[in-house]
Amino acid sequence: MPHTAVPPSSPWLIRISEIFGDALPELLGQFAASSSTQLGHEYYLIRPTDPLALRQTAAAMFIRWQIPVQHSWPCNPRAMLGFVEKAAQALARKFAASQPQMLLVGVLDPSSADTYYRKLASNLRGRALQLFPVPTLAPTEVEAQDPDAATLFCLLGNEGLFCGVQTPRLANGFYPGGTRFISQNAPATISRAGAKVAEALHYLRLHRQPPPPPDHWLELGASPGGMTSELLARGYRVTAVDRAPLHPRLAAAPGLTYVCGDASTFRPPDGTRYAAILSDMNGPAGDSLAAVLRLAKNLLPGGLVIFTLKTAGVSSSEEVQRLCAEVTAWAAGGGLRLLAQTHLTYNRHEFTLFFEAFA
Ligand SMILES: C[S@@+](CC[C@H](N)C(=O)[O-])C[C@H]1O[C@@H](n2cnc3c(N)ncnc32)[C@H](O)[C@@H]1O
């Protein structure tokens, strides 16, 4: 499938969570960025000396999402007469020949209560698709994209329009900006952590398919049960281990076995094999990983591990990178191959690491 080549001098649009605002100069230094302009709250337009640094340096784990910027229109869209038509015509001129698998338009400030740019994004996408139809996928099939085929991603906001062609895997997300919106306010939400595992399962599809329901998950550090309820809602069976109790609403949940106790001493019943382990335990990362590696012997071949790497108390971004490298090396020694490590939108001071058991 043809797609537009990225000139080495292209600027890149990268997203780094506001949580890491203090570490930004240090991170940009690691990417050898010669200049940077902030767009919205979390986006930066930068010129790295070597764009591979955005994926290959240890600091890349802080980048939620990234695209090369092959077309930009710095302007105030609100004040620009005929913005949608002019922008759509430019997209058609520049990108129709690259035959993207999908055209997705997002907003630079997704947390804003103002819906103006969300509506403008939807109008721009609609008009651009009239000018150069992208017939492969229905508009709702964002996660059915081929992670390795090119997508035209566009972001717009107060600062204008920024677009580039990138594969979802290299962009680090299927959605513009990487985030699929997950409501954390629904009455059924038990804890904020539910959104983390929901996002992790969407993100995982960039690298492999999640286990099919009703496969069996072992969950370590499950209380009060936000993640447990997300897994159960997807039709999985779950063995949830925690020293603290689960929310009473989960008491008689079908498919759930709750074990009150310490993960470091939990023994699965004889012959039990899990399709996946989910660990969201707080406390030192080494202790959590030790429990996971001991229990990884009970994974099926190719079994999945989703591990929240807690970084509370770690003071610099370089220390976080070191911790992550240590955890990854230790996991490899215990038979777990790293698939991906990232800071998901619903993570706070923590990263999500995805591993697969190898024989
Ligand atoms: C961030 S909370 C988990 C939130 C949970 N995943 C959810 O979805 O609601 C961390 C949990 O890890 C548990 N934990 C920490 N170390 C543990 C251990 N060694 N064994 C069992 N539970 C542990 C704590 O009791 C606490 O409930």
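Remember, predicted model here, so these are calculated numbers, not experimental data. Indexing begins at 1, ligand by ligand and atom by atom, following the structure's order. For reference, positions follow the sequence shown, starting with 1.
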>> Do the side chains of Glu143 and Arg180 get close enough for a salt bridge, i.e. N-O under 4.0 angstrom?
In response: yes
>> For atom 19 (N) of ligand 1, what is the closest protein heavy atom, and at what distance to 0.1 Å?
In response: Asp262 OD1, 3.0 Å
> Is the closest N or O pair between Met281 and ligand 1 shorter than 3.5 Å?
Replying inline: no
> Going through the distances and angles, do Phe174 and Tyr203 end up as a ring pair (Phe, Tyr, Trp, His ring centres under 6.0 Å)?
Replying inline: CA-CA 8 Å; Phe174 288 111; Tyr203 176 91; 8.6 Å; no
>> Give me the residue, atom name and distance of the protein heavy atom closest to atom 8 (O) of ligand 1.
In response: Met227 N, 2.8 Å
>> Before you tell me yes or no, could you show the steps for Phe307 and Val305 under side-chain contact (heavy atoms from CB on, under 4.5 Å), namely the whole-Å CA-CA distance, both residues' side-chain angles and the distance that decides it to 0.1 Å?
In response: CA-CA 6 Å; Phe307 182 80; Val305 174; 4.3 Å; yes
>> Taking the side chain as everything from C-beta on, heavy atoms only, tell me whether Thr239 gets closer than 4.5 Å to Phe266.
In response: yes
>> For atom 20 (N) of ligand 1, what is the closest protein heavy atom, and at what distance to 0.1 Å?
In response: Ala263 N, 2.8 Å
> Quick one: which of Asn282, Asp242, Val241 has a heavy atom closest to atom 25 (O) of ligand 1?
Replying inline: Asp242
>> Over 60° means perpendicular and under 30° means parallel, so tell me whether Phe62 and Phe351 are parallel, tilted or perpendicular.
In response: perpendicular
> Which of these passes side chain to side chain contact (heavy atoms under 4.5 Å, CB included) with Glu350: Leu309, Thr308, Val320?
Replying inline: Thr308
> Can a cation-pi geometry be assigned to Arg78 and Tyr116, taking NZ or CZ under 6.0 Å from the six-membered ring centre and within 45° of the ring axis?
Replying inline: yes
>> Give me the nearest non-hydrogen protein atom to atom 9 (O) of ligand 1 as residue plus atom name, then the distance to 0.1 Å.
In response: Ser191 OG, 2.8 Å
>> Test of understanding: given a 4.0 Å heavy-atom threshold, classify the contact between Ala291 and ligand 1 as side chain, backbone, both, or neither.
In response: neither
> Between Ser264 and ligand 1, is there a nitrogen or oxygen pair with a distance under 3.5 Å?
Replying inline: no
> What atoms of ligand 1 come closer than 4.0 angstrom to any heavy atom of Ala193?
Replying inline: 7 (C), 8 (O)
> Any non-hydrogen atom of Lys310 lying under 4.0 Å from ligand 1?
Replying inline: yes
> Applying a strict 4.0 Å limit to heavy atoms, is Gly261 in contact with ligand 1?
Replying inline: yes
> Are Trp65 and Phe153 near enough that their ring centres are under 6.0 Å apart?
Replying inline: yes
> Shortest non-hydrogen contact from Glu319 to Ser315?
Replying inline: OE1-OG, 2.8 Å
>> For a quick test of reading the model, state the closest non-hydrogen atom pair linking Gln166 to Ala171 and the distance between them.
In response: CG-N, 3.6 Å
> Is Glu230 salt-bridged to Arg192, cutoff N-O under 4.0 Å?
Replying inline: no
> When only distance counts, is Gly221 in polar contact with ligand 1, meaning an N/O pair under 3.5 Å?
Replying inline: yes
> Which atoms from ligand 1 have a heavy atom of Gly226 less than 4.0 Å away?
Replying inline: 7 (C), 8 (O), 9 (O)
> Considering only protein heavy atoms, which is closest to atom 16 (N) of ligand 1, and at what distance to one decimal place?
Replying inline: Arg243 NH2, 3.2 Å
> Do ligand 1 and Gly225 have nitrogen or oxygen atoms that lie under 3.5 Å from each other?
Replying inline: yes
> Would Ile306 and Leu201 satisfy side-chain contact (heavy atoms from CB on, under 4.5 Å), going step by step from the backbone distance to the final call?
Replying inline: CA-CA 9 Å; Ile306 301 182; Leu201 290 171; 4.2 Å; yes
>> Among all the protein's non-hydrogen atoms, which is closest to atom 6 (N) of ligand 1, and how far away is it?
In response: Asp280 OD2, 2.8 Å
> Looking only at heavy atoms, is any part of Pro224 under 4.0 Å from ligand 1, and if so is it the side chain, the backbone, or both, or is it neither?
Replying inline: both
> Please state which protein non-hydrogen atom is closest to atom 4 (C) of ligand 1 and give its distance, to 0.1 Å?
Replying inline: Ser223 O, 3.1 Å
> ligand 1 and Ala244, any nitrogen or oxygen pair closer than 3.5 angstrom?
Replying inline: no
